[in-house]
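Structure record follows, encoded as structure tokens.
When a ligand or atom number is given, it counts from 1 through the structure's own listing order.
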Amino acid sequence: MFHKILIANRGEIACRVASTARRLGVQTVAVYSDADAHAKHVQACDEAVHIGGSAPKDSYLRWEAILQAARETGAQAIHPGYGFLSENEAFAQACADAGIVFIGPRPQSILAMGLKAQSKQLMEKAGVPLVPGYHGEDQDPALLQREADRIGYPVLIKASAGGGGKGMRIVEQAGDFAAALASCQREAINSFGDDAVLIEKYVQRPRHIEIQVFGDTHGEVVYLYERDCSVQRRHQKVLEESPAPGMSESLRAAMGAAAVAAAKAVDYVGAGTVEFIVEQAAYDQPDSMKFYFMEMNTRLQVEHPVTEAVTGLDLVEWQLRVAAGEPLPLRQSQIPRAGHAIEARICAENPDNQFLPATGTLAVYRKPAHAAFSVAATRVDDGVREGDAISPFYDSMIAKLIVHGDDRAQALARLDAALTQTHIVGLQTNVQFLRRVIQTPSFRQAHLDTALITREQDRLFGQQGLPAEWAVAAAVVDVLLQEMASAGSDPFDQRDGWRPFGQNVRRFAFVWDETTLQADLHYGVAGEWTLALGERAWPLRATRAAQSLVIDLGAERRQAQVYWHQEGSEAVAHVFMSAGGARLQRLDVLAHAGDTQEAGGRLSAPMPGKVVSFLVQVGETVKAGQALAVMEAMKMEHTLHAPRDGVVAELRYSPGDQVAEGDELLKLEASAA
Ligand code: ADP
Ligand code: ADP
Ligand code: MG
């Protein structure tokens with residue numbers, strides 16, 4: 001075994017590799033960019049070397065700098081993680097030339113599987129089933145059109161050099177082919193520097209099922225079963241699970257054998273994934289499942305923890321052992337498989353805006369209870385801590401949640417619980433979206449195909465998450481309990497009552513999903529509270545438990561967590577409950593009420609309170625927006641501003657006076673000019 005390795009990656013995968021290395025007593029060297037100077041992966045390793053600027057091309061893709069770092073620190077091997085240099089045969093060769101072990105396949109294997117068209121030619125010879133299609137060298141557009149017509153529509157045009165879901169076009173009919181081809185080639189040349197394409201039949205109810213394979217330097221290859229990655233957006237994986245629902249032992253064995261044949265055809269060493277597209281005549285007909293080779297990823301995959309959970313094996317340990325020349329730890333017949341695992345990718349993105357990636361700081365980052373590794377019921381893999389930023393330089397994945405259960409239903413329940421306990425504030429994420437996806441009938445019934453998200457879109461997008469009254473109740477209760485905690489009393493616990501400044505009603509305003517909600521909290525004579533929202537009202541009680549608020553609204557009791565986050569000039573409450581989440585911007589009732597006065601031009605008290613001072617005198621000319629008076633309400637001072645230009649004609653109260661909501665505080669007359 002190595003005594004020291006360098007990890008040529010960042011984020012969660014660098015942390016993941018480091019944790020296995022540590023367990024095995026192998027020292028680790030991190031590399032990092034400017035943006036990652038204080039990143040978690042740097043801390044996770046024993047040593048670290050700065051390799052350049054924040055953009056990948058200035059750091060994580062600079063293989064000379066990485067090799068240099070390995071030489072200087074005495075690392076014997078380099079783990080490339082996924083992405084970046086992991087599938088770069090020139091880098092694998094450069095490592096070999098420098099006498100450093102590349103923890104991955106041989107350069108020739110990477111090359112052979114690097115282009116989709118060439119790899120299909122190889123697979124054809126190895127007897128691996130292929131999707132009906134065209135993967136020849138001749139790229140004459142007229143020929144490509146004839147091939148598409150022959151295959152039959154719909155077809156998929158793919159960039160041969162493509163990856164990460166880019167460079168693909170579905171064509172529904174012959175007349176659309178030429179335009180789709182041209183646009184696919186443009187994207188291919190821009191993204192991959194190579195405009196060669198191949199054409200495949202677009203299979204019906206397509207499922208993405210892949211097989212994890214492992215080879216060693218002694219010519220042995222085994223498979224570690226399958227992962228179903230059918231739930232995708234933009235051809236990218238969202239949820240992955242194992243076993244694949246509906247997978248029979250005979251189909252598993254056939255796909256496993258095909259994957260091993262594929263790996264053997266390229267003398268494969270280390271961890272790899274053979275991706276298949278699976279066609280099904282109907283969701284409930286597993287017998288109709290037919291599989292076809294799609295591509296091979298010659299690296300450790302993002303979703304490898306799913307396989308670790310069902311086999312109880314550490315795939316990174318296997319990678320290190322194989323790279324060190326050891327034989328595979330287990331034979332095919334010895335590889336265990338138990339229970340059901342699901343992984344969810346938590347990303348900084350806005351599902352309601354075409355999954356647009358988001359950046360920002362993890363102001364709050366609370367994870368579900370989890371254990372570090374392997375067959376734990378819940379595992380969290382990440383490369384960030386609370387307070388860290390998701391920068392625009394790298395991908396948008398924040399963390400992976402991996403759950404394991406005795407069966408799919410139990411795994412699903414655990415995933416839902418884990419997502420419920422994942423609280424992220426500071427940037428947009430897909431956490432609530434993921435919860436909705438796993439709650440769809442399609443996902444629950446395992447009616448899987450790559451169109452699941454589109455098919456269920458009505459339940460998935462533009463959803464509000466929580467009933468308004470619960471979102472508001474949680475925010476209001478949190479405000480009150482915070483205020484009272486600082487005042488040393490509890491408004492819900494005191495029989496003699498807490499009456500804010502002698503008033504019976506306290507008004508709150510929130511913006512929720514672009515609508516303004518006004519909530520009135522009434523304080524009754526018997527010391528009870530009522531929350532009124534629009535036409536409806538509920539008795540309200542609440543207490544703060546260790547981790548959360550316990551709220552009684554009417555006869556129902558629920559728990560909530562509330563985090564306040566300052567967003568620009570806005571105080572925003574992020575409410576998390578098991579029913580969902582909500583984001584409520586709190587409006588300063590006074591400032592807001594001031595806005596509505598602009599039309600009338602009156603300066604009146606927006607809520608009950610006390611006049612603290614006037615900042616102007618009678619006869620003074622004032623400008624719109626100028627501060628005129630200070631009021632105190634709810635232990636807070638609020639400045640009221642002139643709704644328009646004018647002259648102060650009369651001050652109608654004195655400092656110290658109590659005023660009611662709507663009372664006119666001063667008279668403003670139109671100025672003479
Ligand atoms: P998978 O099939 O496992 O999802 P992909 O090929 O889509 O694998 O990519 C693997 C991961 O590596 C993804 O999370 C992707 O965002 C990331 N990745 C790939 N290339 C780069 C790159 N050049 N810079 C940053 N991240 C990358
Ligand atoms: P990438 O290199 O970008 O991962 P893949 O060839 O693996 O490209 O395809 C990505 C995804 O596109 C698959 O997971 C699947 O959802 C979809 N796909 C690919 N080929 C087909 C096909 N022939 N029919 C239907 N869907 C397909
Ligand atoms: Mg793929």
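- The distance from ligand 2 to the heavy atoms of I277 drops below 4.0 Å at these ligand atoms: 15 (C), 18 (N), 21 (C), 25 (C), 26 (N), 27 (C).
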Enumerate, atom names and distances included, each donor-acceptor pair closer than 3.5 Å involving a side-chain atom of residues 158-172, sequence neighbours excluded.
from	atom 1	to	atom 2	distance (Å)
K158	NZ	E200	OE1	3.1
K158	NZ	E200	OE2	3.3
S160	OG	K116	N	3.4
S160	OG	A117	N	3.0
R169	NE	S183	OG	2.7
R169	NH1	E187	OE1	3.2
R169	NH2	S183	O	3.4
R169	NH2	S183	OG	3.2
R169	NH2	E187	OE1	2.8

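- For the pair R234 and F355, the cation does not sit on the ring face, since its NZ or CZ is not both under 6.0 Å from the ring centre and inside 45° of the axis.
- Every atom of ligand 2 is numbered from 1 in the order shown, and the set under 4.0 Å from a heavy atom of H208 is 13 (C), 14 (O).
- Proximity to E275 (heavy-atom distance under 4.0 Å) selects the following atoms of ligand 2: 7 (O).
- Residue contact annotation: Q236 has no non-hydrogen atom under 4.0 Å from ligand 2.
- The ligand atoms of ligand 2 that sit less than 4.0 angstrom from a heavy atom of V203 are 24 (N), 25 (C).
- The atoms of ligand 2 that sit less than 4.0 Å from any heavy atom of T450 are 16 (O).
- Put simply, the residue from Q212, E240, R16 that forms a side-chain hydrogen bond (donor to acceptor under 3.5 Å, both in side chains) with H304 is R16.
- The aromatic rings of Y283 and H447 sit parallel to each other, their planes meeting at less than 30°, with 60° as the upper class boundary.
- By the salt bridge (Lys or Arg N to Asp or Glu O under 4.0 Å) test, D416 is found to be paired with R435, residues two or more places apart in sequence or in another chain being considered.
- A cation-pi arrangement, defined by a distance under 6.0 Å to the six-membered ring centre and an angle within 45 degrees of its axis, is absent between R299 and F102.
- At under 3.5 Å, not a single nitrogen or oxygen of M294, backbone or side chain, sits near a nitrogen or oxygen of ligand 2.
- Considering just the N/O/S atoms of E295, the one nearest the Mg ion (ligand 3) carries the name OE2.
- The side chain of M168, and not its backbone, has at least one atom closer than 4.0 Å to an atom of ligand 2 (non-hydrogen atoms only; side chain from C-beta on).
- Here the side chain of T359 pairs no donor or acceptor atom with the backbone of S391 at under 3.5 angstrom.
- Near Q232, meaning under 4.0 Å from one of its heavy atoms, ligand 2 places the atoms 11 (C), 13 (C), 14 (O), 15 (C), 16 (O).
- Restricting E275 to its N, O or S atoms, the one at the least distance from the Mg ion (ligand 3) is OE1.
- Side chain of D216 to backbone of E220: a donor-acceptor contact under 3.5 angstrom is found.
- Ion pair R207/E226 not flagged as a salt bridge, since none of the NZ, NE, NH1 or NH2 atoms sits closer than 4.0 Å to an Asp/Glu carboxylate oxygen.
- Counting atoms of ligand 2 from 1 in the listed order, those under 4.0 Å from a heavy atom of E295 are 1 (P), 2 (O), 4 (O), 5 (P), 7 (O), 8 (O).
- Those atoms of ligand 2 that come under 4.0 Å of a heavy atom in L156, given as number and element, are 18 (N), 19 (C), 20 (N), 21 (C), 22 (C), 27 (C).
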